[in-house]
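Before any comments, here is the structure.
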There are 2 protein chains.
Amino acid sequence: MELKELSPETIEKAANMLKAIAHPIRISIVGYLEDGKKRTVTEIHKKLGIEQATASHHLVILKDRGVLSSKREGKNTWYYLKHANLRNILNSIGDCCKE
Amino acid sequence: MELKELSPETIEKAANMLKAIAHPIRISIVGYLEDGKKRTVTEIHKKLGIEQATASHHLVILKDRGVLSSKREGKNTWYYLKHANLRNILNSIGDCCKE
DNA sequence: CAAATATATGTAAATATGTTGATATATCCG
DNA sequence: CGGATATATCAACATATTTACATATATTTG
């Protein structure tokens, strides 16, 4: 795939998706969901040690920009990675940054 | 690799790197350099149809955040991808966004 | 219905980023 | 040195993002 052949719309969408991930808390959220499991807002905010409202806020951003999907079940909303290959992004970036 | 085990510093660095890429012009620049070749500011600004100052500005951002490297040779500064596996990021994102 | 639990939204101030045009610096060559 | 070419920087305004706290909405259960 040659990215330079992508349409402006696709590039715009890709930028929004990357912007969504490009934040310490949201990287951590994506990292926590990297295994493909679905997790609730409560699980996420407790795991990451952040406020519930903060977690919800960042989860909405990730969902709006196409990084995560969610499904409501009773009191809970389960969030999960929308695309399995988003894992590659974190792995690649992680590799670059560990050096 | 489990991202959740990365240090806060590494996560911070990863966020800065992703933030650097997460912009339409900068995605296009990285896409243009995706083949691993070194290119000058002039080549880049002409190829993308943007002002020279704009290109230089965005190239500095990409370099400062560890996405690109550069090497001055006479009048020219050659920019190129610092990490080969950054290509995976664009490919993954592109795949997610084409749908 | 009321209480408890889970999630989402609103607001406002602080901070960061983007954009543009003008200008500065660096290098080469005659 | 002086002109031409290539790149980098500056300044200033507009826009977007972050953060934190308060509060609202939704769902289950007694």
Side-chain angles (χ1 to χ4, degrees), chain A residues 8 11-30 32-33 37-82, chain B residues 8-9 11-33 37-82:
Chain A
I11 289 181
E12 192 74 36
K13 194 175 167 197
N16 281 327
M17 213 158 170
L18 283 175
K19 221 183 290 179
I21 305 174
H23 182 285
I25 288 179
R26 298 196 294 265
I27 286 181
S28 301
I29 290 175
V30 174
Y32 183 35
L33 296 174
K37 290 188 184 152
K38 296 174 169 59
R39 297 203 168 86
T40 66
V41 179
T42 299
E43 286 177 313
I44 293 166
H45 100 249
K46 286 190 174 159
K47 173 76 176 183
L48 302 187
I50 56 178
E51 290 295 316
Q52 178 276 318
T54 305
S56 181
H57 173 70
H58 287 294
L59 286 166
V60 166
I61 291 174
L62 286 167
K63 189 187 171 187
D64 283 352
R65 309 238 182 124
V67 179
L68 301 182
S69 288
S70 71
K71 139 179 104 163
R72 181 105 192 192
E73 246 176 45
K75 283 184 292 190
N76 298 307
T77 302
W78 299 85
Y79 283 92
Y80 53 98
L81 274 197
K82 190 165 181 181
Chain B
E9 294 74 31
I11 290 181
E12 193 73 36
K13 194 175 166 197
N16 281 328
M17 213 159 171
L18 283 175
K19 223 183 288 180
I21 305 174
H23 182 285
I25 288 179
R26 297 195 295 263
I27 286 182
S28 300
I29 291 174
V30 174
Y32 184 34
L33 296 174
K37 290 187 183 152
K38 296 174 170 56
R39 297 203 168 86
T40 66
V41 178
T42 299
E43 286 176 315
I44 293 166
H45 100 248
K46 286 190 175 159
K47 173 76 177 183
L48 303 187
I50 56 179
E51 290 296 316
Q52 178 275 318
T54 305
S56 180
H57 174 70
H58 287 294
L59 286 166
V60 166
I61 291 173
L62 287 167
K63 188 186 172 188
D64 283 352
R65 309 238 183 124
V67 178
L68 302 181
S69 288
S70 71
K71 138 178 103 164
R72 181 106 192 192
E73 245 177 44
K75 283 184 291 189
N76 297 309
T77 303
W78 299 85
Y79 283 91
Y80 52 98
L81 274 198
K82 189 165 183 180

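Chain A is the first sequence line, chain B the second, and so forth, proteins listed ahead of strands; every chain is numbered from 1.
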Report task. Using the closest heavy atom to pick a nucleotide of DNA chain D for each, name whichever of B:His45 or A:Ile25 lands nearer the 5' end. Result ->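 Looking at the nearest nucleotide for each, B:His45 comes out on the 5' side.
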Nearest to side-chain heavy atoms of [X], which nucleotide of [options]:
X	options	answer
B:Ala53	D:dA8, C:dT9, C:dT7	D:dA8
A:Arg72	C:dT7, C:dT19, D:dA6	C:dT7
B:Lys75	D:dT7, D:dT19, C:dC28	C:dC28

Starting at atom [atom1] of [X], determine the distance to atom [atom2] of [N], rounded to an integer number of angstrom.
X	N	atom1	atom2	result
A:Glu12	D:dA16	CD	P	12 Å
A:Asp64	D:dA16	CG	P	16 Å
A:Leu18	D:dT17	CG	P	14 Å
A:Ile44	C:dA8	CD1	P	10 Å
B:Leu48	C:dT19	CG	C1'	17 Å
B:Lys71	C:dT27	NZ	P	16 Å
B:Ile29	D:dT7	CD1	P	13 Å
A:Glu51	D:dT23	CD	C1'	14 Å

Query raised in the report: Hey, does the Lys NZ or Arg CZ of A:Arg39 hover above the aromatic six-ring of A:Tyr32, less than 6.0 Å from the centre and inside 45° of the axis?
Result: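 Positive - A:Arg39 is close enough to the ring of A:Tyr32 and near enough to its axis.
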OP1 or OP2 of [N] versus the side-chain N and O atoms of [X]: is any pair under 4.0 Å?
X	N	value
A:Tyr79	C:dA6	no
A:Asn76	D:dT27	no
A:Thr77	C:dA8	yes
B:Ser56	D:dA8	yes

Report summary line: On DNA chain C, more 5' by nearest nucleotide between A:Ser70 and A:Lys19 is A:Ser70
Requested in this report: Show your working on side-chain contact (heavy atoms from CB on, under 4.5 Å) between B:Thr77 and B:Thr40 and close with a plain yes or no.
Outcome: CA-CA 5 Å; B:Thr77 303; B:Thr40 66; over 6 Å; no
When all nucleic acid strands are considered with a 4.0 Å heavy-atom cut-off, which category describes [X]: base, sugar-phosphate, or nothing?
X	value
B:Thr42	sugar-phosphate
A:His23	sugar-phosphate
A:Thr54	nothing

**Report entry** A:Gln52 vs A:Thr42, side-chain contact (heavy atoms from CB on, under 4.5 Å): CA-CA, chis, key distance, verdict
**Finding:** CA-CA 7 Å; A:Gln52 178 276 318; A:Thr42 299; 5.8 Å; no
Query - Closest heavy-atom pair and its distance - A:Ala22, B:Lys19 - result: CB-N, 3.3 Å
Report task. Kindly say whether, by distance alone, the side chain of B:Gln52 makes a donor-acceptor pair under 3.5 Å with the base of D:dA8? Result ->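 Yes, a donor-acceptor pair under 3.5 Å.
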Requested in this report: Determine, stepwise, if the pair A:Ser69 / A:Lys82 fulfils side chain to side chain donor-acceptor pair (under 3.5 Å).
Outcome: CA-CA 5 Å; A:Ser69 288; A:Lys82 190 165 181 181; 4.8 Å; no
Query raised in the report: Could you go step by step and tell me if B:Trp78 and B:Glu43 meet the side-chain contact (heavy atoms from CB on, under 4.5 Å) rule?
Result: CA-CA 10 Å; B:Trp78 299 85; B:Glu43 286 176 315; 3.7 Å; yes
